[in-house]
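Throughout, residue positions are numbered sequentially from 1 according to the sequence presented. These numbers come from a predicted model, not from an experiment.
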Amino acid sequence: MRGEFLLGGLGELPAGLCQVWIVNDNEFKRADALLRQFLQGEKANERLREPWRCTNCGELLEAQFTGCWQCGMARPG
């Protein structure tokens with residue numbers, strides 16, 4: 001899933017920013033089901049509930065951030 005955190009900007013950003021890339025065509029049905037779950041909200045807010053702590057520098061970050069603003073480390077998971 002790419003661009004999943006851009007959905008909050010819908011209406012101001014161009015459509016099509018949230019994408020699912022499938023490497024193996026045999027995985028289409030599974031990817032389609034996951035995308036439908038995501039768009040229905042089952043996965044959309046899963047990672048946006050709790051603040052997280054950077055495993056590199058220990059900085060506490062708000063839930064919406066996907067990388068540490070202090071050291072640049074990507075959010076785990």
Side-chain angles (χ1 to χ4, degrees):
M1 178 74 72
R2 304 187 108 201
E4 65 267 30
F5 296 108
L6 298 174
L7 288 177
L10 282 178
E12 296 187 25
L13 295 172
L17 294 175
C18 185
Q19 306 170 4
V20 175
W21 292 10
I22 303 169
V23 176
N24 182 342
D25 288 342
N26 294 329
E27 296 292 326
F28 175 79
K29 286 184 181 180
R30 182 171 173 255
D32 185 57
L34 289 172
L35 181 60
R36 289 176 189 277
Q37 283 179 337
F38 177 82
L39 293 174
Q40 292 172 358
E42 294 172 39
K43 298 285 183 184
N45 295 318
E46 189 173 291
R47 291 185 55 183
L48 299 179
R49 293 184 184 144
E50 301 285 330
W52 61 281
R53 189 165 302 278
C54 177
T55 55
N56 187 52
C57 72
E59 183 69 29
L60 184 62
L61 299 134
E62 294 179 24
Q64 71 270 22
F65 293 112
T66 59
C68 178
W69 63 268
Q70 181 71 22
C71 72
M73 182 80 161
R75 181 179 186 165

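- For the residue pair W52 and M73, the shortest heavy atom distance occurs at CH2-O, 4.3 Å.
- Qualifying side chain to side chain donor-acceptor pair (under 3.5 Å) partners for D32, counting only residues two or more places apart in sequence or in other chains: R36.
- Evaluation of the salt bridge (Lys or Arg N to Asp or Glu O under 4.0 Å) test over residues 52-66, restricted to residues two or more places apart or in two chains, returns none.
- Looking at R75, its side chain never comes within 3.5 Å of a backbone N or O of Q64 through a donor-acceptor pair.
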Identify all side-chain donor-acceptor contacts of residues 22-30 below 3.5 Å with residues at least two apart in sequence or on another chain.
{"from": "N24", "atom 1": "OD1", "to": "N26", "atom 2": "N", "distance (Å)": "2.9"}
{"from": "N24", "atom 1": "OD1", "to": "N26", "atom 2": "ND2", "distance (Å)": "3.4"}

